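Per chain, numbering begins at 1; letters A, B, ... match sequence-line order. Side chains included, hydrogens not; waters and symmetry mates left out as well; all remaining heavy atoms used. This is a predicted model, so every value here is computed, not measured.
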Protein chains: 2
Amino acid sequence: MKAITKYWFLEGFNLFKKIGRLNMMKICELLEMDNIEKGNPIALNEAHRNSIFFLKRGSVKIVNTTNDSVKYIVKHGNIFGELALYDQEAATKEIAYALEDCIICYIEPEQMEQLMEKHKSLKNGVLKVYGLRIQKLERRLHDLLYKDSSTRIREFISEYLDEFGETNEAGKSIAKNLLSHKEIANLTNTSRQTVSNVLSTMRKEGVIDYNVKFFISDTK
Amino acid sequence: MKAITKYWFLEGFNLFKKIGRLNMMKICELLEMDNIEKGNPIALNEAHRNSIFFLKRGSVKIVNTTNDSVKYIVKHGNIFGELALYDQEAATKEIAYALEDCIICYIEPEQMEQLMEKHKSLKNGVLKVYGLRIQKLERRLHDLLYKDSSTRIREFISEYLDEFGETNEAGKSIAKNLLSHKEIANLTNTSRQTVSNVLSTMRKEGVIDYNVKFFISDTK
DNA sequence: CTAAAACTGTCGCCTAGAGGAACTATTATA
DNA sequence: TATAATAGTTCCTCTAGGCGACAGTTTTAG
């Protein structure tokens, strides 16, 4: 029964979708799960420093421990901490915080590797995650070089709304405002003040609206 | 005999080191090889657009086709074009040019995937290559944000000498000068003029010396 | 329920370094 | 060997946007 509950969780992870129900059940027995309250760090305790995480519910920010800047955000349904698979060193340089109440599953790298040996599709999935990570980094580098800060922020907001927004009855896209200006600045490689500026001009222009709780855009 | 010749080639690739002599021989039969003269593009012909390459001898620059800027350089003994494994699209956006006369082996992605199925260590190797790529990109992004252009250029030169330099009798490290200032500018995300400036001040300071053919640094 | 801490909004100053112009040196091409 | 093309050098101008400052606002904590 417990396994079935867990099964339900993982349904969301495309990584696991392909590998079939039975295998899924077996895997589930290996996975521990946890609730994390908004604002709290994930896996601060040494024991799970290098775990790989599956984020079932909520969202998470990955923070660079050396300078406290946000590297990226992870939406529910995705994997994070996969760095631990190839480089334990690098993995300790980032820490995750819950941006909302979260449900996570975690697994140790050794177990993960065993699993990957057994399930080809899992290994392919991880390869894909790595590939996506490379694409994202290249995009970020490119944007930094060829787009001005205002554009970067605007694009970030629009993509944020695409990712986190839900269209309401009135046809507006509404997304929880989970990030401070400082964090948006980190993610777009700009300064806090510039984010503030661009955001308010966007509001003046009527492109978006926002308050402490939400971002709202007219057209999806 | 032909196979043995090829075997000799691949010896240099750590990727292949682990998988054993016999397997190696089998793999070799699948691989085509080629000589590329300095300055020429690699795999311009459509047929091999998406191949994965092993660089036995020489070095290669990977150029972004959209804006003609150098993305990175590949030293002999390394793999490139591995992008094709996860994203054929992305792979067509870069093209490689020989910085010196090169010997390359190439393999189609499908074959590569078959090989990876058979040889676990090969798959792990590729995973590692991906991991390194991520590290490099993160480093580059970090440098761009937190180091000024002069520092970036200086560090690049010193690393270039580490990578390509060979210590001579006099205890100096000498590296072939394979890159134009414009290309160094691309790689350090600076401008042609700044590279020129920094280089000549480095010369004035006595940190390095250089001419059309070589870079020279006193201490290794 | 109040004090402190952490966020937001705005303004204006200041600097790193891109990018143009102009010229020389070097290397390919005819 | 002349001519064109490319690479390297120097100098100067101009601007994007980081950063400090400070006032207003919201959140957290005790």
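Between the CG atom of A/Asp209 and the P atom of C/dT8 there is a distance of 15 Å, rounded to whole Å. Rounded to an integer number of Å, the gap from B/Asn189 CG to C/dA16 P is 19 Å. To the nearest angstrom, C1' of C/dT8 lies 12 Å from CZ of A/Phe215. One atom, CG of A/Leu144, and another, P of C/dA18, lie 12 Å apart when rounded to the nearest Å. Atom C1' of nucleotide C/dA6 and atom NE2 of A/His181 are separated by 13 Å, given to the nearest angstrom. Taking atom CZ on A/Arg203 and atom C1' on C/dG9, their separation rounds to 9 Å, with Å as the unit. Across the protein-nucleic acid pair, B/Asn197 atom CG and C/dG17 atom C1' stand 10 Å apart, rounded to whole Å. A/Ile153 places its CD1 atom 12 Å from the P atom of C/dG9, with the value rounded to the nearest Å.
The closest side-chain donor-acceptor pair between B/Tyr130 and A/Arg133, if any, does not fall under 3.5 angstrom. Using a 3.5 Å distance cut-off with no hydrogens or angles, the side chains of A/Ser69 and A/Asn67 do pair a donor with an acceptor.
Ring planes of A/Phe80 and A/Phe53: parallel class, angle under 30° (limits at 30 and 60°).
Residue A/Ser196 is classed as a base contact, given a heavy-atom separation below 4.0 Å to a base. At a threshold of 4.0 angstrom between heavy atoms, the contacts of A/Thr190 are confined to the sugar-phosphate backbone, with no base atom among them.
In summary, B/Lys38 and B/Asp101 do not engage in a salt bridge, as defined by a charged side-chain N under 4.0 Å from a carboxylate O. In summary, A/Lys136 and A/Glu159 do not engage in a salt bridge, as defined by a charged side-chain N under 4.0 Å from a carboxylate O. Taking a cutoff of 4.0 Å between a charged side-chain nitrogen and a carboxylate oxygen, B/Glu205 and B/Arg154 qualify as a salt bridge.
In terms of heavy atoms, A/Pro109 sits closest to A/Leu85 at O-CD2, 4.1 Å. Of all heavy-atom pairs between A/Ser51 and A/Glu108, the closest is OG-OE2, 2.9 Å.
Of all nucleotides in DNA chain D having an atom under 4.0 Å from a heavy atom of chain A, the first and last in 5' to 3' order are D/dG17 to D/dT27.
Proximity of A/Ile208 to A/Leu161: side-chain heavy atoms (C-beta onward) are separated by under 4.5 Å at one or more points.
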Contact list (N/O, under 3.5 angstrom) for nucleotides 20-23 of chain C vs protein:
| residue | atom | partner | partner atom | Å |
| --- | --- | --- | --- | --- |
| C/dG20 | N7 | B/Gln193 | NE2 | 3.1 |
| C/dG20 | O6 | B/Gln193 | NE2 | 3.4 |

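Note on A/Ser200: every side-chain N or O is 4.0 Å or more away from OP1 and OP2 of C/dG9.
Across the interface with DNA chain D, nearest-nucleotide mapping of A/Val212 and A/Thr194 shows A/Thr194 to be the residue nearer the 5′ end.
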